[in-house]
Number of protein chains: 2
Amino acid sequence: MDTETRVGLLKPVGLFRSLNGAALTALAEAAREHVVPRGEAMFQQGDEATHGYVLAWGRVRLDQVTAEGQNIVIRHLGPGDMVGMVAVFRRMPFPATPVALEDCMALGWGAGRFAELMAAYPPIAQNAIAAVGGRIEELQSRLQEVATQRVEQRIAATLLRLANQAGRKTDAGVEIPFALSRQDLAEMTATTLHTVSRTLSAWDQEGVVDSRRSSHLVIRQPHRLVEIAGHA
Amino acid sequence: MDTETRVGLLKPVGLFRSLNGAALTALAEAAREHVVPRGEAMFQQGDEATHGYVLAWGRVRLDQVTAEGQNIVIRHLGPGDMVGMVAVFRRMPFPATPVALEDCMALGWGAGRFAELMAAYPPIAQNAIAAVGGRIEELQSRLQEVATQRVEQRIAATLLRLANQAGRKTDAGVEIPFALSRQDLAEMTATTLHTVSRTLSAWDQEGVVDSRRSSHLVIRQPHRLVEIAGHA
DNA sequence: CGCACGTTTGATGGACATCAAGGATTGTGG
DNA sequence: CCACAATCCTTGATGTCCATCAAACGTGCG
């Protein structure tokens, strides 16, 4: 892939907002391409954070396993999202494993090289803080959810969040454009696949969502979900 | 307070690590002092983030109220911690309210001025990212706890975390050096004060903690708490 | 004193995990 | 094209952790 194409990929990325052409070119030239086939991990939780990435195409699920072996889904990532950058800045091992849900391509930079680039182009750091701050807010709101809301509300909130981040509008409603098993949803909402299944079944029957027909879930009545999510 | 004293306060702050004297002096001169008496808030959740702060003395509890009026404790802050900085970077309203648990003093900077300083002294941005990354990790681990562990384990983990952040070693054990109501602990662990009370009562009787004698809780057998916290 | 506030402790119930078993869908090899 | 695994999903029965409801108890303070 040539530099120009890469610049085109980097331009709309939040992390690189308000950088001039020279900066983008420098970044593009320093980047290494990193192709990850569907189902594989970009790296493993616990690995040393030698490289940071920006996702160019595809979708990634960020998993974390607890000391006791339980799995929780931290978040989903799409094109333009940073992957592993925070760990690089902190010089700490990666705290989670990013698993490709589709064939993915990421651009990566070595830790040292990226630090140089960041020093040379200050807006990167500002953007990084803003991006990381966004994650904090999301985590805090999830913490609030798990702490104070019941399962049904959490599932609704999670579906809405996914729809916001990656939803595609169709005539039937909003479609979540990747496979999403009950197990996945359970790990996102801190519950079991059984409860998720029961809840979705009920919503299916009420016509709120369509989770049985295709492998991609469709939200048919977003306003109902909002209602459920907000109903203390 | 003169500039030199301020520089002394700023020097050990993580956010300003590896800054030279000139930078620290510039920061110290630009800072505004902000005294907050015990029990009052530094600012209110929802306020516009015009200033960011670094806590110089005292302890602060960071509260967030949900849309439904429930209160949850995000975290506790001590000397050297950033307060409201992330909101400033993001140009968003403050997402939480910091309440002084003791008489506090913070140094604050206006958003615009701080941005200038950050551009002039790049290490600040790097340190900020590292600090914010640390918060992310803490939030993720709390999310994991709330999602996968039971109340008793969460209370144990919370006490240990508080002891780590602010504990004082005494001959009787590790003391948590500020008042900590059952309600506070409940909001930190996502449970009710009733359950906290029951749990602490049990631990009191087993001699694991001493929560009844003084107003400051004392952990008498930290290893037992570690055991309880880790016991899946 | 008497009121306010935090705490303790008991009784009850409900939300949800767990246990259990069967059904649907997809892919694979004969 | 069918048999068969292998997954994933659904649905029922049971159990339990913990929230909720309720009431009494200490303790400090105006």
Test log, rule salt bridge (Lys or Arg N to Asp or Glu O under 4.0 Å), inputs B:D184 and B:R182: CA-CA 5 Å; B:D184 289 337; B:R182 315 286 144 137; over 6 Å; no

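- Side-chain contact of B:Q144 with B:Q140: a donor-acceptor pair under 3.5 Å is absent, judged by distance alone.
- Annotation: B:E48, atom CD; neighbour count of heavy atoms from other residues, nucleotides and ligands within 6.0 Å does not exceed 12.
- First and last contacting nucleotides of DNA chain C toward chain B (any atom under 4.0 angstrom from a heavy atom, 5' to 3' order): C:dT7 to C:dA11.
- The terminal axes of the helix from C:dC1-D:dG30 to C:dG30-D:dC1, fitted over 5 pairs per end, subtend an angle of 30° to the nearest 10°.
- Contact between the side-chain N/O atoms of A:R182 and the OP1/OP2 oxygens of D:dT10 is found at a separation under 4.0 Å.
- In summary, the aromatic rings of A:H34 and A:Y53 are positioned with their centroids under 6.0 Å apart.
- At whole-Å resolution of the value, CH2 in A:W203 and P in D:dT11 are 15 Å apart.
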Whether each nucleotide of nucleotides 20-30 of chain D has a protein heavy atom under 4.0 Å at its base (B), only at its sugar-phosphate (S) or at neither (-) is summarised, 5' to 3', as BBB--------

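- For B:E152 and D:dC18, the CD to P distance is 8 Å, given to the nearest whole Å.
- Each of A:R213, A:R220, A:R212 was evaluated against A:D204; a single residue qualifies, A:R212, per the salt bridge (charged side-chain N to carboxylate O under 4.0 Å, His left out) test.
- At D:dC8, none of the side-chain N or O atoms of A:S197 fall inside 4.0 Å of OP1 or OP2 (strictly under the cut-off).
- Inter-residue side-chain proximity for A:Q44 and A:D47 is flagged as met; some heavy-atom pair is nearer than 4.5 Å.
- For the pair A:D103/A:V35, no side-chain contact is recorded, criterion being any heavy-atom separation below 4.5 Å from C-beta on.
- For the pair A:L200 CG and D:dT10 C1', the interatomic distance rounds to 11 Å; values are reported in whole Å.
- Across the protein-nucleic acid pair, A:D204 atom CG and D:dT10 atom C1' stand 12 Å apart, rounded to whole Å.
- The CD atom of B:Q149 sits 11 Å away from the P atom of D:dC18 (whole-angstrom rounding).
- Atom CG in A:L193 sits about 13 Å away from atom P in D:dT11, given to the nearest Å.
- Of the charged side-chain nitrogens involved, at least one lies within less than 4.0 Å of a carboxylate oxygen, so that A:R161 and A:E145 count as a salt-bridged pair.
- For the residue pair A:T5 and A:D2, a side-chain donor N or O sits within less than 3.5 Å of a side-chain acceptor on the partner.
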Ring pair (Phe, Tyr, Trp, His ring centres under 6.0 Å) evaluation trace for B:F43 with B:H51
CA-CA 10 Å; B:F43 48 76; B:H51 290 260; over 10 Å; no

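- When side chains are defined from C-beta on, A:I74 does not count as touching A:D63, because their heavy atoms never get closer than 4.5 Å.
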